[in-house]
Amino acid sequence: GPDSLHMEGRIESLEQGLSLARRHACDVLSQPTEEEEELKDMVALLEERLREEQSWAAGLSSWISELDSSLEDERRQRRRELAEVSKEIESTMSLLLTRKDLALNEEAQLLRQHEKKVEDALQGL
């Protein structure tokens, strides 16, 4: 009778109310709180800083490897120059020794000639 209709009406309105309450709860839950917003902002900021640091580190790393290879080139160049100078020194020394040998030989010859002259002169006495 009328009581059951009244009851059904109440149940329906309760169900509608419940459904509205559910929807409202979902809306409330889906909206971030201020703290969550702040955390999101902080995370975004930290991620940005991290990207900057990574890019800076990558730049530094490439700069270091460029410097490294340029230093290696410099070392190679120095070693080449050193080798050339060493060769020049060796050949100069060898030339000087050869000249000294020649000079000593000439001196020895002159001495022998001088001795012979002295001997000849002594024999002539």
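Atoms considered below: every heavy atom in the structure, side chains included; atoms not considered: hydrogens, waters and symmetry mates. The first residue of the sequence shown is numbered 1, and numbering continues consecutively from there.
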Following the transitive rule for hydrophobic clusters with a side-chain heavy-atom cut-off under 4.5 Å over Ile, Leu, Val, Met, Phe, Trp and Tyr, establish whether [X] and [Y] coincide in one cluster.
X	Y	value
V118	L111	no
I64	L67	yes
M93	L102	no

Between [atom1] of [X] and [atom2] of [Y], what distance do you get to the nearest 0.5 Å?
X	Y	atom1	atom2	result
S62	D68	OG	CG	12.0 Å
D120	K117	CG	NZ	10.0 Å
D101	E106	CG	CD	11.5 Å
L71	E66	CG	CD	12.0 Å
K116	Q123	NZ	CD	8.0 Å
L60	S65	CG	OG	10.0 Å

Next on the checklist: Measuring only between side-chain heavy atoms, which start at C-beta, is L50 closer than 4.5 Å to Q54?
Outcome noted: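 The answer is yes; the side chains approach within 4.5 Å.
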
Next on the checklist: So K100 and L96, do their side chains get closer than 4.5 Å, heavy atoms only?
Outcome noted: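 Sidechains of K100 and L96: no contact.
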
Item to check | Qualifying residues under side-chain contact (heavy atoms from CB on, under 4.5 Å), relative to E84, sequence neighbours excluded | outcome: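 Partners of E84 by the side-chain contact (heavy atoms from CB on, under 4.5 Å) criterion come out as none, since no residue qualifies.
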
Regarding [X] and [Y], does a basic nitrogen lie under 4.0 Å from an acidic carboxylate oxygen?
X	Y	result
R76	D73	yes
E72	R75	yes
E115	R112	no

Checklist entry - Got a donor-acceptor contact below 3.5 angstrom from the S86 side chain to the L82 backbone? => result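 Checking the backbone N and O of L82 against the side chain of S86, a donor-acceptor pair under 3.5 Å is found.
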
Checklist entry - Between the side chain of T92 and the main-chain N/O of E88, is any donor-acceptor distance below 3.5 Å? => result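 Such a contact is found between T92 side chain and E88 backbone.
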
Item to check | Test log, rule side chain to side chain donor-acceptor pair (under 3.5 Å), inputs Q77 and E81 | outcome: CA-CA 6 Å; Q77 181 63 29; E81 288 170 4; 3.1 Å; yes

Checklist entry - Do other residues, nucleotides or ligands put more than 12 heavy atoms under 6.0 Å from R99 CZ? => result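 Open: at most 12 neighbouring heavy atoms sit under 6.0 Å from CZ of R99.
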
Checklist entry - Given R10, which of E12, H6, E8 fulfils the side chain to side chain contact (heavy atoms under 4.5 Å, CB included) condition? => result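 Considering E12, H6, E8, a side chain to side chain contact (heavy atoms under 4.5 Å, CB included) with R10 is found only for H6.
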
Item to check | Where at least one partner belongs to residues 22-49, residue pairs that pass salt bridge (Lys or Arg N to Asp or Glu O under 4.0 Å), sequence neighbours excluded | outcome: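 Of all non-adjacent pairs touching residues 22-49, those that pass salt bridge (Lys or Arg N to Asp or Glu O under 4.0 Å) are E48-R51.
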
